[in-house]
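One structure below.
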Amino acid sequence: MSDAERTFVMVKPDGVQRGLIGEIVSRFEDRGLKLVGAKFTRIPEEQAQEHYRELEDEPFFDGLVEFITSGPVLAMVWEGQDATRQVRNMMGKTDPAESPPGTIRGDLGLDLGRNVIHGSDHEEDGANEREIDLFFDEDELHDYEKVDETWLYE
Ligand code: DAT
Ligand code: MG
């Protein structure tokens, strides 16, 4: 495998409430990505503010923090070739209304403020490491080999 990397992904409170955890996890498994960490948790307000700190000057920031802390989320780390960019491609655009069918947001959402899933931004330097560190301790991430790896990568 070339270019293996880990990316931070989260099913947001709306995705949890709507029973979409299985559907979303399935998509990443089917794609061949490897789950290396997962945590079902309710994000403390301070952690949510830190997670979205790039957006703190936006008018929607307080509502965003309120929403993301309004119920439990499934925080995950997925590993694979070019994982960050591939996950973002699978998610679609930020606004579900602009996301094509076939993408997670394009298939499972309608509204910008309820877009079901978070994934680290591949265009933002170091976003992955920062977000993984914010949600996981080192011993909560698992190094292991999966049986399909020799068939998944040339
Ligand atoms: P993404 O989640 O696609 O990385 P982002 O990092 O720009 O998008 O924004 C984080 C979240 O903030 C996004 O998932 C939904 C919310 N958001 C973004 N732009 C918004 C807007 N103009 N109005 C309301 N919520 C917005
Ligand atoms: Mg983002």
Side-chain angles (χ1 to χ4, degrees), residues 3-142:
D3 208 9
E5 57 183 36
R6 289 178 170 183
T7 192
F8 178 75
V9 180
M10 173 165 70
V11 180
K12 294 181 178 182
D14 53 336
V16 172
Q17 289 295 332
R18 293 176 53 214
L20 297 173
I21 287 176
E23 161 80 30
I24 289 169
V25 168
S26 268
R27 289 186 182 218
F28 296 130
E29 286 187 322
D30 289 352
R31 187 76 196 278
L33 292 162
K34 175 161 74 178
L35 186 66
V36 297
K39 186 180 283 186
F40 188 61
T41 182
R42 182 128 178 201
I43 311 177
E45 189 175 337
E46 259 181 41
Q47 186 178 337
Q49 287 166 342
E50 172 63 20
H51 175 70
Y52 281 127
R53 70 178 181 195
E54 263 80 39
L55 302 170
E56 68 186 353
D57 295 331
E58 300 291 343
F60 57 82
F61 180 74
D62 288 347
L64 178 61
V65 169
E66 194 179 325
F67 163 60
I68 209 71
T69 58
S70 66
V73 300
L74 184 68
M76 296 171 283
V77 179
W78 288 89
E79 184 182 284
Q81 186 166 284
D82 195 28
T84 317
R85 199 157 59 94
Q86 296 310 322
V87 165
R88 289 294 303 200
N89 286 345
M90 292 169 74
M91 283 167 51
K93 303 269 203 292
T94 300
D95 188 350
E98 303 299 326
S99 301
T103 63
I104 293 168
R105 286 168 170 169
D107 285 346
L108 306 177
L110 289 166
D111 189 272
L112 173 58
R114 297 290 182 269
N115 62 5
V116 178
I117 185 169
H118 168 85
S120 293
D121 192 343
H122 64 292
E123 286 170 349
E124 185 194 323
D125 252 5
N128 260 327
E129 290 74 16
R130 183 173 81 80
E131 293 177 0
I132 290 171
D133 280 359
L134 189 59
F135 281 81
F136 291 92
D137 294 331
E138 193 51 46
D139 65 359
E140 293 172 324
L141 301 174
H142 303 283

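Not measured: the values here are computed from a predicted model.
- Glu140 places a side-chain N or O within 3.5 Å of a backbone atom of Asp137 that can act as its donor or acceptor partner.
- Summarising the local packing, CG of Asp30 is surrounded by more than 12 heavy atoms from other residues, nucleotides or ligands at distances under 6.0 Å.
- In this structure, Val87 and Phe28 have side chains that are in contact, with non-hydrogen atoms separated by less than 4.5 Å.
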Open item on the list: side-chain contact (heavy atoms from CB on, under 4.5 Å), that's the test. Do Asp14 and Asp111 meet it? Break it down for me.
Closed with: CA-CA 11 Å; Asp14 53 336; Asp111 189 272; over 6 Å; no

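- Proximity of a side-chain donor or acceptor of Ser26 to a complementary backbone N or O of Glu23 within less than 3.5 Å is not detected.
- Residues Val9 and Ile24 fail the side-chain proximity criterion, which asks for heavy atoms closer than 4.5 Å.
- Between Gly92 and Ser99, the shortest heavy-atom distance links the atoms C-OG, 3.8 Å.
- The aromatic rings of Phe135 and His51 sit perpendicular to each other, their planes meeting at more than 60°, with 30° as the lower class boundary.
- Taking both residues in full, the closest heavy atoms of Gln81 and Gln86 are given as O-CG, 4.0 Å, listed atom of the first, atom of the second, then distance.
- For Val73 against Pro13, the heavy-atom pair with the smallest separation is CG1-CD, 3.4 Å.
- Around CD of Glu124, the count of heavy atoms belonging to other residues, nucleotides or ligands within 6.0 Å exceeds 12.
- For the residue pair Leu33 and Gly80, the shortest heavy atom distance occurs at CD2-CA, 3.9 Å.
- Separation of atoms CG (Leu141) and CG (Asp133) is listed at 8.5 Å; rounding is to 0.5 Å.
- Side-chain atoms of Arg42 come within 3.5 Å of backbone atoms of Ser70 as a donor-acceptor pair (strictly under, hydrogens ignored).
- Closest approach of Asn115 to Pro96, counting heavy atoms only: CB-CG, 3.6 Å.
- Counting heavy-atom neighbours within 6.0 Å of Gln17 CD, excluding the residue itself, gives a total of 12 or less.
- Interatomic distance, CD of Glu29 versus NZ of Lys34, reported as 13.0 Å (0.5 Å rounding).
- For the atom pair Thr69 OG1 and Gln49 CD, the distance stands at 9.0 Å (nearest 0.5 Å).
- Looking only at side-chain heavy atoms (C-beta outward), Thr7 and Val77 stay at 4.5 Å or farther from each other.
- Put simply, the side chain of Trp78 does not reach to within 4.5 Å of the side chain of Val36, judged on heavy atoms.
- The aromatic rings of Phe8 and His118 sit tilted relative to each other, their planes meeting at an angle between 30° and 60°.
- Atoms CD and OG1, on Gln47 and Thr41 in that order, are 7.0 Å from each other to the nearest 0.5 Å.
- Between atom CZ of residue Arg27 and atom CD1 of residue Ile117 there is a gap of 9.0 Å, rounded to the nearest 0.5 Å.
- Side-chain contact check for Glu123 versus Arg88: every heavy-atom pair is 4.5 Å or farther apart.
- No side-chain heavy atom of Arg6 sits less than 4.5 Å from a side-chain heavy atom of Asn128.
- Residue Leu20 comes nearest to Val116 through the heavy atom pair CD1-CG1, 4.1 Å, listed as atom of the first residue, atom of the second, then distance.
- The pair Glu98-Arg105 does not meet the salt-bridge criterion, since no charged nitrogen lies less than 4.0 angstrom from a carboxylate oxygen.
- Distance check: Asp121 CG to Arg85 CZ gives 12.5 Å after rounding to the nearest 0.5 Å.
- Considering only heavy atoms from C-beta on, Val11 stays 4.5 Å or farther from Phe40 through its side chain.
- Asp107 places a side-chain N or O within donor-acceptor distance of the main-chain N or O of Gly102, the cut-off being under 3.5 Å.
- Put simply, the side chain of Glu58 does not reach to within 4.5 Å of the side chain of Leu64, judged on heavy atoms.
- Glu56 and Arg53 are not joined by a salt bridge, as no carboxylate oxygen comes within less than 4.0 angstrom of a charged side-chain nitrogen.
- A cation-pi geometry, defined here as NZ or CZ lying under 6.0 Å from the six-membered ring centre and within 45° of its normal, holds between Lys39 and Phe136.
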